[in-house]
Each structure stands twice: as structure tokens, then as C-alpha cells.
Asks: 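Take this structure first; my questions come after.
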Amino acid sequence: MGELAVDKHVHYILSVEKRKDSFESVVMDHLRMNGAYWGLTTLDLLGKLDIVNADEVISWIMKCQHESGGFAGNIGHDPHILYTLSAVQVLAVSNKLDVLDTDKVAAYITGLQNEDGSFSGDMWGEVDTSCKNLDGGFGCTPGGESHAGQIFCCVGALAITGSLHHVDKDLLGWWLCERQVKSGGLNGRPEKLPDVCYSWWVLSSLIMIDRVHWIDKEKLVKFILDCQDVKNGGISDRPDDAVDVFHTYFGVAGLSLLEYPGLKAIDPAYALPVDVINRIFFSR
Amino acid sequence: MPRTRKARNPNQVVCLCHLYSQTRTGISRFDSVALKRVNHPKCVEDCVCGGIHKIQTVSSVSREQMEDDGHVEPLSRKAEWSDVTPLPQDDGPNPVVPIAYKEEFRETMDYFRAIYRADERSPRALRLTRQAILLNPGNYTVWHFRRLVLEALDADLDEELDFLQQIANSNSKNYQLWHHRRWVVERLGTDARAKELELTKKILSLDAKNYHAWSHRQWVLQALGGWEDELDYCQHLLEEDIFNNSAWNQRYFVVTRSPFLGGLKAMRETEVRFTVEAILAKPQNESPWRYLRGLYKDEIEGLVNDPQVSSVCLKVMNTKSNYVFALSLLLDLLCYGFQPSQEFRDAVDALWTSETHPLDSDLAKAICYILEHVDSMRASYWMWRKSKLPLTA
């Protein structure tokens, strides 16, 4: 089995947003907040967060906050629930949550809740409703195909609110463990190709419902390591494809869940290092 | 129910100074506080605002938009924009991970910021949002503002659908695009139905599992109808690729919800027959096995008592290849109370050739044991299943 090329991945993350003329730099513009979360959390898992200047990060993040309390994907953009989450996560990782007016942020989030309990993404209403399917999984809308990404969102939300008893863990656990294919990787839906990011969505879901022993962990570790670009750094969705910071994060996070040596532990529901979560909860 | 809309007057005139527009209800003045009125050197005719500006019909403006695709003349050099001061992005004094933007992108966004800040909802704002979207279709702020402009201009939403159609292929997984499309369709109502079914069909012909396209298609069917041909469409997709789980999911959606088919119970028998055929053709295909269980949702007894169901397990086991799902379903049937004939016992025995480790006399236990070995990635799961079996007397 190969090894995790830690230094290469660190170098890759630091270099990615400074690349000139890259398509990525343009399309990453509005989701720079997500990019910051993926990059910084990966660095933290690898034990290299001190490379980044926390104050500069914080100052940029706060410029993305709007009067409503919500955060945008970048300066000059509108606030959105997705980027608010990433902003809070980055502040948590950087141990700078004290800069937040938490009531304000909470007010923004609760303001987005609809009457049926679902949440709009922003004031203008991209709605993410979900529905439990008969295979135990969750789709994005009633009647929608069960999808591992959506399952993670539902299971995570239920975990955080102490409501996992609503999940049929045996049925869902079985659907999830059937995502593992011959190569050891995980797919997101039946008969689709494996993808490193599902190492997170499926794996964290399995852990939250206590069924992770139903997959072959060793084979999954091997699959993730095979997705590395050991020469230039970074991790891709499957072996030999182009790397990106999104898959780099999910590959490292997946390895952390699999207890790969040398990595910090990560919380499956909050998708943040366990010590960060402990710091938050124990400081209350 | 989505609101329906009357077709727009294609001869609505808009002055290129963007300060006035003549609509059915008369002449209205845009309120663009940050802009100054300037005489444009290109203008050839008087416009209703009293300045010397070019008059065009909105539909011809749209054509011009299309011809503009790929055109990279800087905005700072266009007379049309000479009254606007572009607003650069404010990254703060010490930007962290600064992004190196391409010049065209940077300039477009600088002008967008100016227009957005001024809340200018004009035709040139519409064109600018189009340019910004083409450069970065993920920018949700631009999409949102475009909706405000479309509303303010009472724009032709059919043309908007055409614009989305143009960029759909290369942005088929873009959340903002699909959200925007739904917004447009909600305003057009049932008239848009055919176009939506056509578009999603086109996207799915390129990627038959595109989740966004499927979600949109399901929404269209439920909001606007059009169920008549949907089962045939699923049939067609499955003939192309019997492994397409999305198509199986859609089939279930149609069978259970279409107002033309009579519901799950009415469809069950023919659907079981269809599914069994699919299984026998490719027993390693996960989808039809799940579909089969779905046909008996909330009716376990029906599943247990349907001879087609138990018999397909038997048939697949007897081929001695790709039998994992067959064993798994048979295991579940036994747990639900299925009483197997000797044939089933013989078929299971035939799958196990080891003499040193004979199979358990209890059929369910024997199946678990086999699965631990032939589906070894999930060995822990099968061991757990075995542990949950009722103790045999």
C-alpha cells in the first residue's frame, strides 16, 4: 500500500489559489469561503495549520459578513447558508469564534427556516427539502433517488439535533455498505463509479449510525491513497484523474475517519477536527 | 399552481441610454442614481427621452446579445459604459490567499459591482449579468440580480429559457442554473412544460444520471403534468442501459404517482414481470433487485407469497454465477416467513463446495455463511445478519 504524501498535499493547498490564469481561480471566486474551509481544515488534519496566518484569514472572513449576520462566499457577494457554515467552521478551526456575534449569526440562520421545517439557502429561496426513501436512504426531494451526499446531510442534521432514532440504521447501514465496489472505493448511488468524496459522505454516515464495520476499511484506505498525485500533491476523485482541493479535503478527512496514522481525528457530524469541537463544547 | 403569463410584446422599445423604456403602459423612467446621462456618439435617432440615442426593439437587442458571444472587447472601451465607474473588489489591506483573476473576468465583475450597487435594472445590466454568468456560472449573486432585472424589464422569459438552454450543456450540474430555470418556469406555467421535458431529456441523453436534471424533471411532472409518455421514456432509458439506477428510480416515481396508471397495486403484476426479466438478464445489477422490493413496499406478505419473487432467486442461484443479490433477497424472504421447498435448499447447497466446512442445517444461517465468503467486503454485515436470526429449535 502507498503512503500519504503529506508535504506534497500541503504544498498543493497553499499554491492552488495563487495560480494565474487558471479556470479554477475564476470559478472558485464565489465559493472562496468553501475553498478556505476545505484547505484550512485539511491543513489542520495534517497538523500544519500554523503555516497560515490566522489574523489575515479572520479579517477576510469578517469582510464577507453581511448586516443580516450571514456570510457570503466572497467579498461583494450575497450571504448564503452554505458559506455561513464554512465561515463558522473556519473560525472554529482557527480558534477565533470569539470574533463572532453569535446571536446575530443564529438569527440569520433561523430566519431562513421555512414553515415546513426546511431551510432556504438564502433569502431568495433555493430550498433543500429531503425525503426518506424506502431503501432507507434519502433523496433531495420526495421521490428523488437516494444519494449518499443527501444522506450525509440528513444523518448529520439528525445527529446534531439528537434525533438519530428516526433513522432505520440497519436498513440505511446496509444501503451504505453496498456503496463499496470491487476496487474498495465508495460510490454515491447504485451502479455508479466510486469517488473519493464519498469516502466522506458514506463513511461519516456509517460512523454516525454505528455501522462502519460493515465496509472493508483497509480496501477503502488503499483506494484513497491510490487517488493521490504523489508527484504534485493533491487528491482526485478517482485514480489518475486531475486533483482539486475539494477531493483533497475529503480524501484526507476520509483517511482520518479510518484512523490513518498521523492524522488528527475528525468529527463525522460537524466535519471539523475533534479537538476543535471539544474546545467549543467544553468552553461553555 | 404556477402563475401563467401572457406573451410579451416583442416590439417593446428600449432606449440605449437605458434611462427610458416604452412599454404597453407608457413611458417609464429608470431610476439610476449613480449614472449620468451622456450623449452617445453612436446615436442616430431621437428617442422618446429627448436625448439623441439609438432605438432598438428588445428582441433585436437579444439577437445582438447572442452575436456578442465570444466578443472580448473591454467594457472600459465601450461608449455604452462610459458613464459608469467600475468598482474593484475590496479584499482589505492584507488579502489572504488572493486570487489571480483573468483580466476579462476582473473587469466584468468590477462593472457588475457598480451596477449592482446602483441597483440599475436595465437592459445593459441584463447583458452584463449574462457576460458575468458566462464567465462564472456559479456566482449566485449575479443570478439573483439577473432575476431582479428580468422582473423589472418584464423580459421575455421564453428567451430566457433559450439563453439557459445555450449554456445548459456545459453547466448541467450547476445549482444556480437549475434554480433559475425553475424560477422562470414557475412564471411561464404549463406553456413551458414541453420545453422542460425536452431539455431534461437532452441533458439526460448526455448524462443519464444527472441528478439535477432528474430533480427538475420530477418537479415539472408534478407541477405541470406531462406524465403520459414518462413510462415509455423510462423504458427507453432502461433499454439503453439496464444499470441506470436513476431510470429505475424514475420508473418507480411514475408507477406510484402518475395519474394515468392507476397506482402501484394496479401496476404491480406487470412491473414484477418486467423486473424479473431485467434481473435474469443481469443478476449482478443492484437496481432491479431494489425495485422489486419497492414494488411490495409496506406489503411484506405480498413479497413473500409472490411466486415470481422467490422463483427469480432460485433461477439465479441455479446459474451459479452473480448470485449475491439472489441470496440476499432469499435471506430476507426467510426472515419474513417464507417456507422454502427442497429446491431452494438444494440450490444453496450447490453453491458451496467445501467439505471441511459444511453448511448449517438452517437455511438462513447457511446463506449468511456463504455470503460472508462470497461477499467478503461486507463480511461483518453478514455475520451480524446471522447473529440476528432467530435461534433454531
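Chain letters run A, B, ... following the sequence lines, proteins first and then strands; every chain starts at 1. Please read these numbers as outputs of a predicted model, since none were measured by experiment.
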Asks: I need the minimum non-hydrogen distance between Q180(A) and R378(B), along with the two atoms involved.
Replies: O-NH1, 3.2 Å
Asks: Side chain, backbone, both or neither: which part of N285(B) has an atom under 4.5 Å from a heavy atom of chain A?
Replies: both
Asks: So do the side chains of N244(B) and E191(A) get within less than 4.5 Å of each other, counting heavy atoms only?
Replies: no
Asks: Is it the backbone or the side chain of V212(A) that comes under 4.5 Å from a heavy atom of chain B, or both, or neither?
Replies: neither
Asks: Between H147(A), K219(A), E178(A), which has the largest tally of heavy atom pairs under 4.5 Å with chain B?
Replies: E178(A)
Asks: Has N249(B) got a side-chain atom pairing as donor or acceptor with G143(A)'s backbone, closer than 3.5 angstrom?
Replies: yes
Asks: Is the shortest side-chain heavy-atom distance between D170(A) and W384(B) below 4.5 Å?
Replies: yes
Asks: Tell me, side chain or backbone of R293(B) under 4.5 Å from chain A's heavy atoms, or both, or neither?
Replies: side chain
Asks: Around H11(A), counting heavy atoms of other residues, nucleotides and ligands shown, do more than 12 lie under 6.0 Å from its NE2?
Replies: no
Asks: Could you tell me which portion of S328(B) (side chain, backbone, both or neither) has an atom closer than 4.5 angstrom to a non-hydrogen atom of chain A?
Replies: side chain
Asks: Any cation-pi pair here, R290(B) with W174(A), using under 6.0 Å and within 45°?
Replies: yes
Asks: Heavy-atom cut-off 4.5 Å, strictly under: side chain, backbone, both or neither for F253(B) against chain A?
Replies: side chain
Asks: Can you find a pair of side-chain heavy atoms, one from M377(B) and one from W214(A), that are under 4.5 Å apart?
Replies: no
Asks: With a 4.5 angstrom heavy-atom cut-off, could you sort out which part of Y291(B) is near chain A: side chain, backbone, both or neither?
Replies: neither
Asks: Is K209(B) salt-bridged to E145(A), going by a charged N under 4.0 Å from an acidic O?
Replies: no
Asks: Checking heavy atoms, do the side chain of E286(B), its backbone, both or neither come under 4.5 Å from chain A?
Replies: both
Asks: Looking only at non-hydrogen atoms, find the nearest pair between S246(B) and R189(A) and report the distance.
Replies: OG-NH1, 3.1 Å
Asks: Distance from H213(A) atom NE2 to M383(B) atom CE, nearest 0.5 Å?
Replies: 9.5 Å
Asks: With rounding to the nearest 0.5 angstrom, report the OG to CG distance, S376(B) to D216(A).
Replies: 7.0 Å
Asks: Tell me if the NZ atom of K169(A) is crowded by more than 12 foreign heavy atoms within 6.0 Å.
Replies: yes
Asks: If I measure from the heavy atoms of chain A, does Y211(B) come under 4.5 Å with its side chain, its backbone, both, or neither?
Replies: both
Asks: With distance as the sole test, does Y140(B) use its side chain to make a donor-acceptor pair with the main-chain N or O of G73(A) at under 3.5 Å?
Replies: yes
Asks: Measure Q284(B) against the heavy atoms of chain A and call it side chain, backbone, both or neither at under 4.5 Å.
Replies: backbone
Asks: Is chain B contacted by the side chain of K217(A), its backbone, both, or neither, given a heavy-atom distance below 4.5 Å?
Replies: neither
Asks: Test side chain to side chain contact (heavy atoms under 4.5 Å, CB included) on K192(A) and N245(B) and set out the steps.
Replies: CA-CA 8 Å; K192(A) 288 214 79 180; N245(B) 193 65; over 6 Å; no
Asks: Heavy atoms only: give me the nearest T141(B)-D78(A) pair and the separation to one decimal.
Replies: OG1-N, 2.8 Å
